[in-house]
Amino acid sequence: MPPLQQVISEMFPSKSRFSVENIADLSGKVAIVALEKRRSRSEHISPGPRDLLVPKRPQEPPKKNAKAYMAPRPRTRAEEAIEDIEAKTGKRAIFLELDLASLDSITKAAREFQRQEGVLDVLFNFAGIMKHPIDDLTADGYDLQFDVNCLSHAHFTLLLLPQLITAAKLSTDAKACVVNVSSNAAYGAGRVGIYFDAMTDTPRCRAIGVGLYGISKYGSIVFSNELAKRIYYYNTRLQYGALTPLWAGTSLETKDFNGKWLVPWVRIGKLGPSKDPKIGEKLWDWIEAQRKGHC
């Protein structure tokens with residue numbers, strides 16, 4: 001658990017030194033924004049895709065211009081958001097059908113993207129849900145929170161690694177990244193750990209109940225840390241909106257932030273040590289086992 005002063009500084013951050021106006025020209029860049037509209041939490045992230053597309057000033061040449069794929073649920077809301085973005089920016093995002101409560105749907109979305117694009121410069125894993133009924137399970141039988149907040153992001157990311165690696169090799173700044181969104185609810189869960197026998201409808205799952213949210217967000221961090229050892233990632237919180245993730249995914253300043261925990265606004269935070277030093281390897285192996293038959 002971090003010091004109380006750190007928690008308070010994240011809840012009441014000072015003025016940000018970065019804004020969407022600081023986003024550099026993203027012409028030629030390809031991004032995916034994965035969202036989930038099962039709870040009102042996704043309202044916090046709706047500005048993200050628009051910020052990737054909107055010009056700095058109407059009278060100037062567009063300064064952002066990323067080719068952005070939006071992967072939210074439900075489809076009707078996605079289409080409304082895409083129309084809204086086009087009306088306000090003159091740029092049209094591309095809909096990518098994705099249900100994060102189904103590993104097969106995630107595989108299908110990744111394959112559809114790969115048919116259209118050879119590179120992926122930034123993957124924003126924004127989706128997050130909380131406070132769902134304990135009986136809510138995914139199509140594959142997993143607890144909905146842990147699946148959407150951790151397992152599904154991991155599966156989607158690993159499927160898209162070839163495009164991310166290719167983008168990094170071709171980029172002039174040698175940068176491609178994954179922005180995984182977590183929460184300070186993970187702080188407490190870090191002292192408890194991850195109960196792998198609570199990921200499906202088990203007595204342990206029901207005993208933990210709402211605590212699974214914090215564990216799922218901690219799982220996202222653990223996966224991100226393990227990915228950082230093997231590939232490249234950024235991990236950040238979204239409690240205060242899309243500004244810090246946008247900084248992570250678009251700023252040249254963050255190029256060498258591999259494995260960093262970013263907090264509001266646009267700062268490097270600190271995470272306490274894990275209860276289990278081998279938890280990253282254990283979670284990685286568990287995730288790979290769940291992905292079998294879905295790739």
Side-chain angles (χ1 to χ4, degrees), residues 32-46 48-49 69-82 95-114 123-160 178-183 185-186 189 194-202 204-206 208-224 238 283-284 286-295:
I32 293 178
V33 183
L35 314 174
E36 185 73 7
K37 186 56 183 177
R38 295 179 187 270
R39 295 292 186 271
S40 60
R41 177 178 168 79
S42 63
E43 293 296 336
H44 293 291
I45 57 185
S46 57
Y69 286 78
M70 289 183 62
R73 277 176 49 91
R75 181 170 189 141
T76 53
R77 192 169 185 87
E79 292 172 346
E80 290 174 2
I82 289 172
F95 174 67
L96 183 64
E97 189 164 2
L98 173 68
D99 181 0
L100 288 170
S102 166
L103 294 177
D104 285 339
S105 172
I106 295 167
T107 302
K108 182 179 178 181
R111 299 298 180 235
E112 176 60 27
F113 174 82
Q114 289 163 341
L123 171 59
F124 291 100
N125 284 321
F126 276 137
I129 61 170
M130 65 184 298
K131 295 182 179 179
H132 72 92
I134 198 67
D135 292 325
D136 281 0
L137 301 176
T138 69
D140 304 297
Y142 299 106
D143 169 74
L144 186 62
Q145 284 182 132
F146 197 86
D147 181 277
V148 170
N149 296 348
C150 178
L151 174 59
S152 292
H153 285 169
H155 182 48
F156 197 38
T157 299
L158 293 173
L159 287 169
L160 294 169
V178 180
V179 181
N180 287 329
V181 173
S182 187
S183 163
I194 297 174
Y195 296 105
F196 293 100
D197 59 348
M199 301 301 104
T200 56
D201 189 9
T202 64
R204 171 87 76 175
C205 176
R206 291 182 174 273
I208 296 174
V210 295
L212 283 168
Y213 173 71
I215 292 175
S216 73
K217 287 301 188 179
Y218 175 63
S220 175
I221 296 170
V222 171
F223 168 74
S224 298
L238 191 61
L283 179 61
W284 187 278
W286 181 86
I287 288 171
E288 290 289 19
Q290 313 316 305
R291 297 178 67 229
K292 289 181 178 178
H294 299 283
C295 296

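All values below were derived from every heavy atom in this structure, side-chain atoms included, with hydrogens, water molecules and symmetry-related copies excluded. What you see is a predicted model, and the numbers here were worked out from it, not measured in a lab.
At a cut-off of 3.5 Å, with distance as the only test, a side-chain donor of S216 or N149 sits close to an acceptor on the other residue. Between the side chains of N125 and T157, at least one donor N or O sits under 3.5 Å from an acceptor N or O. No hydrogens or angles considered: a donor-acceptor pair under 3.5 Å links the side chains of H155 and T107.
With sequence neighbours left out, R204 forms a salt bridge (Lys or Arg N to Asp or Glu O under 4.0 Å) with D197.
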Inset, instruction - Take R291 and D140 through the test salt bridge (charged side-chain N to carboxylate O under 4.0 Å, His left out) and record every step on the way to the result. - result: CA-CA 11 Å; R291 297 178 67 229; D140 304 297; over 6 Å; no
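Taken from CG in L151 to CZ in F146, the straight-line distance is 7.0 Å, to the nearest 0.5 Å. Here the straight-line distance linking atom CD1 of I221 with atom CG of N180 works out to 10.0 Å at 0.5 Å rounding. The CG atom of L144 sits 3.5 Å away from the CD1 atom of I129 when rounded to the nearest 0.5 Å. In this structure, T138 OG1 and D143 CG are separated by 8.5 Å, a value rounded to the nearest 0.5 Å.
Residues W284 and V222 have side chains not in contact (no heavy-atom distance under 4.5 Å, counting atoms from C-beta outward). Side-chain atoms of H132 and Y213, non-hydrogen and from C-beta on, never get closer than 4.5 Å to each other. With contacts defined as side-chain heavy-atom distances shorter than 4.5 Å, the pair L159/C295 qualifies.
Taking all atoms of both residues into account, the shortest heavy-atom contact from D147 to A101 is OD1-CA, 3.7 Å. Summarising the geometry of L100 relative to V148, their closest heavy-atom pair is O-CG2, 3.9 Å, with the distance given to 0.1 Å. For the residue pair A109 and L96, the shortest heavy atom distance occurs at O-CD1, 3.6 Å.
A salt bridge is absent between E112 and K108; no separation between the charged side-chain nitrogens and carboxylate oxygens falls under 4.0 Å.
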